[in-house]
Peer 1: 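Can you keep this structure in mind? I'll have questions shortly.
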Amino acid sequence: MSSSSLDEKEKEWRLNDQEVAAQKPTEYEPIVSEPAAGTDKDLEANIEKRSTRDNLSRLQSGTSGASEFSDNASEKTIVQKKKKWYKNVNPLKWRAQPPVPKTRQVSREYHAGFFSRITFQWMAPIMTVGYQRPLEKNDIWTVNPDRSADVLAEKLQASFQRRREQGGQRPLLGALFDTFKVEFIIGGICQLLASVIQSIAPFVLRYLINFALKAFIADRTNRPGPPIGEGIGLVIGITAMQFTQSMATNHFMYRGMMVGGQARGVLIAVIFDKAMRLSGRAKAGGKAIVEAPPTDIKPGSVEEKKWYKKSLKKNQKANAKPAGPQGVEGDGQGWSNGRIINLMSTDTYRVDQASGFFHMIWTSPIAILVTIVLLIINLTYSALSGLGLILITMPLLGRAVRSLFRRRVAINKLTDQRVSLTQEILQAVRFVKYFGWETSFLKRIQGIRKKEIHGVQFLLGIRNAILAIGMSLPVFASMLSFITYSLSNHALNPAPIFSSLALFNSLRLPLNFLPLVIGQVIDANASVKRIQEFLLAEEAQEDVEWDYDAKDAVVLKHADFTWERTPTQDKDKAPKKDPRGGPPTKKQKDNTKKKDRGAGAQPEPASGESSRPDTAEAPKEEEHPFELKGLDLSIGRKELVAVIGGVGSGKSSLLAALAGDMRKTNGDIMIGASRAFCPQYAWIQNATVKENIIFGKEFKKDWYNKVVDACALRPDLEMLPNGDHTEIGERGITVSGGQKQRLNIARAIYFDADIVLMDDPLSAVDAHVGRHIMDNAICGLLKDKCRILATHQLHVLNRCDRIIWVDEGRIQAIDTFDNLISQHEGFQKLMTMTAKEEKKEEEAGVNEDEIEGEKKIVKKKKGKKPSAGLMQEEDRAVKSVSWSVWIAYIRAGGGLWVGPLVLLLLILSQGANIVTSLWLSWWTSDNFGYSEGTYIGVYSALGVSQAVFMFAFSIAVSVFGTEAGKVMLHRAITRVLRAPMSFFDTTPLGRITNRFSKDIDVMDNTLTDAIRMYFLTLAMIISVFILIIVYFYYFAVALGPLLIVFLLSAAYYRASAREVKRHEAVLRSVVFARFSEAVMGTPTIRAYRLQDQFSRSVRAAIDDMNSAYYLTFANQRWLSVRLDVVGILLVFSTGILVVTSRFSVDPSIAGLVLSYILTIVQMIQFTVRQLAEVENNMNATERIHHYGTQLEEEAPLHYGQVRPTWPEHGEIIFDNVQMRYRDGLPLVLKGLDMHVSAGERIGVVGRTGAGKSSIMGTLFRLVELSGGSITIDGVDISKIGLHDLRSKLAIIPQDPTLFKGTIRSNLDPFDEHSDLELWSALRQADLVSSDASVEDKSGRIHLDSTVEEEGLNFSLGQRQLMALARALVRGSQIIVCDEATSSVDFETDQKIQKTIVEGFKGKTLLCIAHRLKTIIGYDRICVMDAGLIAELDTPLNLYDTGGIFRSMCDRSGIRRDDFFET
């Protein structure tokens, strides 16, 4: 087995496996449960490694940003400039650049001949193209049809079924073997051959050295020597063995990796198919029984918490008992979306990793045994002392390696903390700037980073020690044996000695490898078991009877349906009740549902709609999941039926039951036509708008246009950058809520099914749009269909044919609107409640429109920006890393002296290595005539010094490297936080986060390793070449041409390998995205019955990914075969030189040289790959360096003198203020003049894009002015430091941002205020009751309550109030309020207004309003229009003069007498 590839792999595994094993498999949840912005493509982009760490970081940070590499692949190719003539010396580049093919070709492996397959020559065309220009996607061949996911999945599923029926123990493992047995067995045979040859080759050396010895002695004693033919024969024999071993190893690795890659692909496909069929019960994990607390305990009290803790402990004890056979009941863990995605990403990846080197599990022991036998033949019993040393130290090293895992887990925790903190800061960067908190957060990050680096350095230290010992083991072992051999009165004969030296060296590989391979196989075995358990889980039964000829569209007879138990409900997700004790407000209810849907709970969790009045603190206790009981109804084919009911009455559940999402427990259900389902929370694919609407049907233009118009999507399409070809981000993040809902409706209509189920389709759209959809879509295009609508909007109800009134899971009544309203008391009550709610909605509706609009405009700006920063980034990834980056890296590591120091240590350790062996050869030929003892003493001293120097070198590299990482990260993050807002507007968040997670991870963990391995092997090779040339100077002649071939193949390989790897990463992210997205949309896909179509799309994505993935294996092998030939020729020429100069050179030197050249063969190709690795990893450093040095910065934080009391009054003067967001964009404020006197309250209103928020931006200097000035109390704000300015203003932003920590750290991150001040702010903001004291910790809110990420454990209203409390704590003279009430219910709104009036008395207040009601009591109102002030006067005057303001009032239904009420 070639040492090279092994070392390389070993390195990859050291990185992977242990860590993966160590990380909890739940690391991945976030991709499902956090609606964090966006895609994970870019995390792919910097494909440093195929390591699993990479998968982890990719999934953890589920943030946005398109892939870094794919965006402008097209630009890259154009940039190639005409080169100077002397650069054209390379004849391989003389040909014209090959054009990009129009279509992708089938992989050449499919048609390749035997010889081409053996030498991987079929790869050559793509290598050639890749050398001449960067590869585009069309250059990459499609997957070999024999290896496509479809073919393999068929095989696997058939075999799996068969084995299940036979009742085997491990059907999945067997099925995998059946699917891949041919390649698997070939790989095994190749590896066996390679292992045996690897052990025998050094033994054959003995004869060659013997030959040289005989000749040398014969020459000295003038007897006839052995014939030269014997020597040449031996050399040819050794060369042939090397060649066979090289081919066998290459094919073993290729087959192993191919089996791995194919297994991963096919398992993903199979897992996906199963996920589409998984039953709800399996998803929820059976039923778990939860007891409720005794009645005498007051909800929300301290006692209750204690009770829960106790019962938790009890449950844990109960769970610890061995469970019975796990039936469908399951472990109560359930197959949530997160677990399924985890299976797809981690578990299949582990199987892939393990199959690569699986055969070493049984071939390594064979190789070790053969080697031991040969050693004993060579050295008799003396060999045993060395072997004993190896046997004793190996297990110890194994233990040490295990201790590394535990440390790694601890470090990963710190890394996660740092990354999530960074991500939080970046998501809220505008906010951090508003408050001037950059330094506080930097300190926090520095704190974590210090601990993290400390841990990493310690870990690398231990690891380097282990490696130094591991690498020196063969040296020590051979030393012990030789010393024993010499002391037991044997003459030191060069033949057995040097052949044994080579044998000991060949032990290094299998020994280092076995523990790794075993670890991997154990992991993979666990993964296969998990996947098998999933594949055997219960499948959903289609319990609907389809009868297309029935009279009615839907008939239910005595039907009962139930949800499954939702996976343990998170206590914080229980919907917050209104303070009034009524049901949660509609908006909150929606949010709860959305969150639950995200968490992979049931689509409409019963718990989300539970009607038990509960404090927010107590987790929901449901004995039973929500059920629908005794449903009897029939719905005609053309009827429009509304389903109504209070919150939690089961409206959504009824529709879900009809959509096939609930389990039927009794009765019959008949559906008489095809159905389309429009869930309340729209599931949007990451595809174009058009594809989202068509949803797999064929495209009919006229029908499509009708649908788009009926759903009022036309204006939205016109706003999007590419019309209906605009790509929608993952989970629909680039479209607003209303647009999502309308797409959802459009999809249901376009599908043209005869039954359309709609769950509250009009909740997220504005009133007038709702009416349009009602007229044109629901009662227009769909008028001949059966439509079932869950809704609570009055204007919808009176147009329905019948109304189904649901309460607590039963149907209360089915009748027409008029009958119900006249006869049912309960129905009337329900209607009056709805009417109130509706009025408020209407009022908000006017402004919702504007907010929607505002979002759209922002989106539009974002869609079309080509910005310099991004392009230049792109171009750099193609070329190799510049010297300046290396110099910066060394400097950051502690100064320029670090470079020479590390180099010196390297030369010393390599020198000691060579001298040790030279000394051995001088000892065998007794060069100096010293005593035995002297030889032995010096020999041992040299051996030890070699290990010590090597350890020193490794430690130096690690310490300086991590130090550099620490310094560069600090620089980068400081610079990023000081960057102007325009940087954040043009750079996707995902890309920045990626810098700080993936790139730093590479710098900490992989870069130093790669550098160390590269320099060690390089030094080894160079020193051996020097040694050979000193004794056999003709070797230099052979070295020249071989060096040229070597460099060419290396350059050839690197050019295309980089591109193929990059494409693989981009394509892989497509698989991940499609998979996780479809898994989350399962209910929708099932309702439309499109499982097959999605299965096909996932398989197509898998094939795409594999087309590039398989090529990465083949091109590594292509390189290996070529370079091995170079290495073998080196062995051949050395052998011939030894034979020809057999008379002149001492045989002990000949032995030394031969034993070295054998170990070197495989190191050669390793260095090439290692260099590519170092370069890839240096790209990360380059990106971090770019962030740390090249980003533009804002003005300084402190600058000029500011009097400590400023601003005393809070008078603001805007003087001809002009502002644009970035150079080249139009002015947003066009000469604004306004004088705000001290303590005045001013409301700012205006249409979307009129420049309301821009005023705030200029006041806080988030954007510098293009002209004019702003003065506050006589100080021109552009003349002072940013921190001095921002710390003196307070802002209540539109979206209340909270950071992870406690309420105290959120209100006052710098610890500048006393607890009493903080408490009184909470009290003023009405977050705590007026009689609560600071010490009282029993309430929901106290200063030490924890705040989770983004504050999600508080309701929106509470977060809004906290933002208010934060501004109160500031105690600033000027408060800016950016419509803090746009997203809260009426009650909270009034609280906030009251607090603003009382808490900020006598201070200057600027309030951007979206609801006019809130500001009609202010001193003056400023109406903005297109960047200018249109009107500015007291509210009443403005109303009377009649202008923009008057028309806004009329639209919101504000009359003149409202002005006097406030």
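Count residues from 1 along the sequence.
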Peer 1: Can we say Asp752 and Lys700 salt-bridge, meaning some charged N sits less than 4.0 Å from an Asp/Glu carboxylate O?
Peer 2: no

Peer 1: Are Arg787 and Glu639 close enough for a salt bridge, meaning some N to O gap below 4.0 Å?
Peer 2: no

Peer 1: Just do the side-chain contact (heavy atoms from CB on, under 4.5 Å) check on Ile1085 and Phe677 with the steps written out, would you?
Peer 2: CA-CA 9 Å; Ile1085 296 174; Phe677 177 42; over 6 Å; no

Peer 1: Would you say that Asn744 contacts Thr1084 through its side chain, given a criterion of any heavy-atom pair below 4.5 Å between the two side chains?
Peer 2: no

Peer 1: Just by distance, do the side chain of Trp683 and the backbone of Glu1077 share a donor-acceptor pair under 3.5 Å?
Peer 2: yes

Peer 1: Quick one: pull up CG in Asp661 and CG in Leu655 and give me the separation to the nearest 0.5 Å.
Peer 2: 11.0 Å

Peer 1: Say you draw a straight line from CG of Leu658 to OG of Ser653; how long is it, rounded to the nearest 0.5 Å?
Peer 2: 11.0 Å

Peer 1: Is it the case that Tyr704 and Asp724 place a side-chain donor and acceptor less than 3.5 Å from each other?
Peer 2: yes

Peer 1: Can you tell me if Lys706 has over 12 outside heavy atoms packed within less than 6.0 Å of its NZ?
Peer 2: no

Peer 1: Centre-to-centre under 6.0 Å for Phe695 and Phe1094, is that the case here?
Peer 2: yes

Peer 1: Go through the steps for Val555 and Lys557 under the test side-chain contact (heavy atoms from CB on, under 4.5 Å), then give the verdict.
Peer 2: CA-CA 7 Å; Val555 179; Lys557 291 190 186 132; 4.2 Å; yes

Peer 1: Heavy atoms only: give me the nearest Arg742-Cys711 pair and the separation to one decimal.
Peer 2: CD-O, 3.1 Å

Peer 1: On a heavy-atom basis, which atom in Asp759 and which in Pro679 lie closest, and how many Å separate them?
Peer 2: CB-C, 4.0 Å

Peer 1: Ignoring hydrogens and angles, tell me if any N or O in the side chain of Glu718 forms a donor-acceptor pair with the backbone of Pro715 under 3.5 Å.
Peer 2: no

Peer 1: Would you check if the side chain of Asp552 reaches a backbone N or O of Val554 as a donor-acceptor pair within less than 3.5 Å?
Peer 2: no

Peer 1: Which atom names give the shortest non-hydrogen contact between Leu640 and Cys779, and what distance separates them?
Peer 2: CD2-SG, 3.9 Å

Peer 1: Within the distance-only criterion (no hydrogens, no angle test), does the side chain of Asp560 pair as donor or acceptor with the backbone N or O of Thr665 below 3.5 angstrom?
Peer 2: no

Peer 1: Under a 4.0 Å threshold between the charged nitrogen and the carboxylate oxygen, would Glu539 count as salt-bridged to Lys274?
Peer 2: yes

Peer 1: Do the side chains of Tyr750 and Phe699 get nearer than 4.5 Å, heavy atoms only?
Peer 2: yes

Peer 1: If the threshold is 4.0 Å, N to carboxylate O, is there a salt bridge linking Asp807 and Lys651?
Peer 2: no

Peer 1: Which pair of heavy atoms, one from Asp273 and one from Ser1095, lies closest together, and at what distance?
Peer 2: OD1-OG, 2.7 Å

Peer 1: Taking Arg1099 first and then Asp150, would you say they form a salt bridge - that is, a charged N and a carboxylate O separated by under 4.0 Å?
Peer 2: yes

Peer 1: Could you tell me whether the side chain of Arg675 and the main chain of Ala1087 form a donor-acceptor pair under 3.5 Å?
Peer 2: yes

Peer 1: Atom CD1 in Ile804, atom CD in Gln812: separation rounded to 0.5 Å?
Peer 2: 12.5 Å

Peer 1: How about Leu743 and Ile693: do any of their side-chain heavy atoms sit closer than 4.5 Å?
Peer 2: yes

Peer 1: Under 4.5 Å between any side-chain heavy atoms of Val796 and Leu789, yes or no?
Peer 2: yes

Peer 1: In Å and rounded to the nearest 0.5 Å, what is the NZ to OG distance from Lys283 to Ser336?
Peer 2: 8.0 Å

Peer 1: Decide yes or no for Leu654 and Ser652: does some side-chain heavy atom of the first lie under 4.5 Å from some side-chain heavy atom of the second?
Peer 2: no

Peer 1: Would you find a donor on one side and an acceptor on the other, under 3.5 Å apart, between the side chain of His772 and the backbone of Asp709?
Peer 2: yes

Peer 1: Checking the side chain of Asp632 only, and the main-chain atoms of His558 only, is there a donor and an acceptor separated by less than 3.5 Å?
Peer 2: yes

Peer 1: Could you give the distance from NZ (Lys664) to CG (Leu556), rounded to the nearest 0.5 Å?
Peer 2: 10.0 Å

Peer 1: Between Asn666 and Lys629, do the side chains contain a donor N or O and an acceptor N or O under 3.5 Å apart?
Peer 2: no

Peer 1: Could you check whether any side-chain N or O of Arg747 sits under 3.5 Å from a backbone N or O of Ile694, counting only pairs where one atom can act as donor and the other as acceptor?
Peer 2: no

Peer 1: Could you tell me the separation between the NZ atom of Lys783 and the CG atom of Asn776, rounded to the nearest 0.5 Å?
Peer 2: 11.0 Å

Peer 1: How far apart are the closest heavy atoms of Ile811 and Leu633, and which atoms are they?
Peer 2: CD1-CD2, 3.4 Å

Peer 1: Under a 4.5 Å cut-off applied to non-hydrogen side-chain atoms, are Trp546 and Val544 in contact?
Peer 2: yes

Peer 1: Just so I know, are the side chains of Thr562 and Phe626 near enough to count as touching, which here means a heavy-atom distance under 4.5 Å?
Peer 2: no

Peer 1: Testing the basics here: between Glu538 and Arg281, what is the closest heavy-atom pair and its distance to 0.1 Å?
Peer 2: OE1-CB, 3.4 Å

Peer 1: Please test Phe272 against Phe1075 for ring-ring contact (aromatic ring centres under 6.0 Å, His included), starting from the C-alpha separation and ending with a verdict.
Peer 2: CA-CA 7 Å; Phe272 181 78; Phe1075 186 98; 5.6 Å; yes

Peer 1: Is any side-chain heavy atom of Met276 less than 4.5 Å from a side-chain heavy atom of Thr1082?
Peer 2: yes

